[in-house]
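A short worksheet on the structure shown next.
No experiment lies behind these values; they were computed from the predicted model shown.
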Amino acid sequence: MDQLLAIDMDFCADNSDCRVHDMSAQKQSGLAWVKANTDLINDWVNQDGLALLRGLNIVSTHQFSTILETIFGEPLKQYVYRSSPRTALKNNIYTTTEYHADQVILQHNENAYSNSWPKRMGFFCVVPATTGGNTPLADSRAVYSHIPVRIREKFERLGVMYVRNYGDIDLPWQEVFQTQNESEVEQYCHANDIQFEWIGGNKLQTRQCRPAVVTHSSSGEKVWFNQAHLFHCSSMDSAVVQSMRSSIGEAHLPRNAYYGDGTHIDPQDIAAINDVYRGLTFSYQWQRNDILLLDNMLYTHGREAYTGPRKVLVGMA
């Protein structure tokens with residue numbers, strides 16, 4: 001097979017085990033090459049947990065969605081029970097989280113706060129940022145092993161309770177659940193073990209308890225798989241949190257995380273978890289038409305702050 005394989009450590013930090021598969025020499029379209037090499041691509045992701053496909057000729061969002069469906073072997077997943085603002089494009093392709101360019105998005109496994117999450121994800125770089133804007137990654141197995149035992153064992157024993165208040169500060173429930181119908185929200189909550197309460201008529205609070213650690217379905221390895229550090233109020237600006245506590249009370253913060261028994265998580269423990277992520281994170285420099293494939297259980301992702309235009313799309317299965 002006339003195919004180039006390059007392991008390019010210039011795109012990674014800390015000598016991470018990275019895989020950059022460069023198809024620049026291919027003369028056929030990106031979709032044609034993917035159809036001819038689907039098994040090979042899946043072998044790369046199965047072995048390494050990730051693969052960066054570089055140099056493919058991709059001409060449209062529709063072609064990207066078809067490429068992902070070809071690799072994943074199934075239709076793409078609709079993004080329901082959202083935690084961040086996105087724009088839906090055609091064929092269940094979405095923009096990545098639309099937070100301001102100067103904000104960093106912390107490492108996370110997609111939908112780890114839910115009992116339903118994508119096993120695989122595909123990112124497509126349409127326009128790389130002028131500076132920054134990369135998608136940092138971290139191995140969830142390494143995160144699990146590096147978190148201090150005292151912290152890890154308590155999370156593993158108790159799990160995490162995610163509390164969300166939808167409305168003026170955070171996303172409205174209509175956007176999160178992709179419906180205007182309250183009964184459809186209630187049906188979703190009942191089906192997915194989410195406790196809910198309507199407050200003051202149209203405002204919604206939900207609580208969901210999930211494990212902090214799960215076992216990978218194929219490898220049998222334990223992975224750190226939760227978003228306690230992302231939901232916990234200490235991840236927000238302390239002055240803003242203190243102001244909201246005074247005005248609306250802690251129970252009504254837009255989102256927060258507790259142990260599964262409802263007790264408070266020490267902010268210092270959250271800080272220790274974030275330190276572990278920082279020490280294990282690496283990234284690739286986005287190039288136009290890059291496709292990054294991830295096993296969502298094995299690798300977290302985030303976003304650097306950036307300048308200039310940036311457009312990265314995502315599909316999940």
Side-chain angles (χ1 to χ4, degrees), residues 6 8-16 18-22 24 30 50-61 63-65 68 79 82-89 93-110 121-139 169-171 175 227 229-232 234-241 254-255 271 273-294 296 299-316:
D8 191 342
M9 301 309 297
D10 290 339
F11 294 98
C12 308
D14 302 325
N15 293 320
S16 303
C18 304
R19 294 295 182 268
V20 179
H21 305 281
D22 191 341
S24 300
L50 62 89
L52 179 63
L53 309 183
R54 172 157 289 167
L56 293 175
N57 180 25
I58 305 168
V59 298
S60 67
T61 300
Q63 191 178 71
F64 171 54
S65 69
L68 290 189
Y79 188 42
R82 304 179 179 189
S83 64
S84 59
R86 301 170 186 260
T87 299
L89 306 178
I93 295 295
Y94 298 87
T95 59
T96 50
T97 299
E98 296 172 345
Y99 286 153
H100 293 297
D102 61 352
Q103 295 182 340
V104 171
I105 298 175
L106 298 177
Q107 291 295 299
H108 60 284
N109 306 88
E110 197 67 37
M121 305 183 67
F123 297 87
F124 173 40
C125 180
V126 182
V127 179
T130 304
T131 64
N134 290 326
T135 300
L137 310 172
D139 188 323
I169 302 174
D170 204 359
L171 297 177
E175 182 175 351
Q227 291 192 19
H229 64 298
L230 210 63
F231 274 69
H232 195 267
S234 63
S235 66
M236 298 173 60
D237 180 88
S238 58
V240 173
V241 171
R255 62 181 72 182
I273 292 168
N274 283 323
D275 284 343
V276 169
Y277 275 119
R278 276 190 289 271
L280 294 172
T281 298
F282 64 94
S283 66
Y284 301 92
Q285 183 67 53
W286 276 124
Q287 295 184 20
R288 189 182 298 272
N289 275 8
D290 278 354
I291 290 181
L292 175 64
L293 303 170
L294 293 183
N296 182 46
Y299 278 90
T300 64
H301 62 279
R303 192 199 71 187
E304 299 172 354
Y306 65 93
T307 64
R310 177 188 188 269
K311 186 175 183 180
V312 177
L313 307 180
V314 64
M316 300 168 265

Do any N or O atoms from the side chain of [X] and from the backbone of [Y] form a donor-acceptor pair under 3.5 angstrom?
X: Asn296; Y: Asn109; result: no
X: Gln63; Y: Val59; result: yes
X: Arg303; Y: Gln107; result: no

- Query: Run the side chain to side chain contact (heavy atoms under 4.5 Å, CB included) check on Val314 and Met121 step by step: do they pass?
  - Reply: CA-CA 7 Å; Val314 64; Met121 305 183 67; 3.8 Å; yes
- Member of Leu53, Leu52, Asp290, Leu292 meeting the side chain to side chain contact (heavy atoms under 4.5 Å, CB included) criterion with Val20: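 Among Leu53, Leu52, Asp290, Leu292, the one meeting side chain to side chain contact (heavy atoms under 4.5 Å, CB included) with Val20 is Leu52.
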- Message: Ring-plane angle category for His108 and His301, please: parallel below 30°, perpendicular beyond 60°, tilted otherwise.
- Response: tilted
- Using the side chain to side chain contact (heavy atoms under 4.5 Å, CB included) rule, take Ile291 and Phe64 through it: C-alpha gap first, then chi angles, then the decisive distance, then the call. CA-CA 9 Å; Ile291 290 181; Phe64 171 54; 4.0 Å; yes
Quick check: closest heavy atoms across [X] and [Y], and the distance to 0.1 Å?
X: Asn134; Y: Arg310; answer: O-NH2, 4.3 Å
X: Ser235; Y: Leu106; answer: CB-CD1, 4.4 Å
X: Tyr79; Y: Tyr94; answer: N-OH, 3.0 Å
X: Pro136; Y: Thr281; answer: CB-CG2, 3.2 Å
X: Cys125; Y: Trp286; answer: CB-CE3, 3.4 Å
X: Ser234; Y: His232; answer: OG-ND1, 2.7 Å

- Run the salt-bridge test on Asp22 and Arg54 with the 4.0 Å N-O cut-off and return the result as yes or no.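 Not counted as a salt bridge, because no side-chain N and carboxylate O are separated by less than 4.0 Å.
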If you define the side chain from C-beta out and look only at heavy atoms, does anything of [X] sit under 4.5 Å from [Y]?
X: Thr131; Y: Thr307; answer: yes
X: Tyr306; Y: Thr130; answer: no
X: Leu137; Y: Phe282; answer: yes

- Message: Between Thr135 and Tyr284, does the side chain to side chain contact (heavy atoms under 4.5 Å, CB included) criterion hold? Intermediate values first, please.
- Response: CA-CA 7 Å; Thr135 300; Tyr284 301 92; over 6 Å; no
What distance separates [X] [atom1] from [Y] [atom2], expressed to the nearest 0.5 Å?
X: Gln227; Y: Thr300; atom1: CD; atom2: OG1; answer: 10.0 Å
X: Leu89; Y: Ser60; atom1: CG; atom2: OG; answer: 11.5 Å
X: Gln103; Y: Glu304; atom1: CD; atom2: CD; answer: 15.0 Å
X: Leu293; Y: Leu50; atom1: CG; atom2: CG; answer: 9.0 Å

- Check the pair Phe123 / Leu294 against side chain to side chain contact (heavy atoms under 4.5 Å, CB included), numbers first and verdict last. CA-CA 8 Å; Phe123 297 87; Leu294 293 183; 3.8 Å; yes
- With sequence neighbours left out, write down each residue that passes side-chain contact (heavy atoms from CB on, under 4.5 Å) with Thr95, or none if nothing qualifies. Arg86, Thr87, Glu98, Leu313
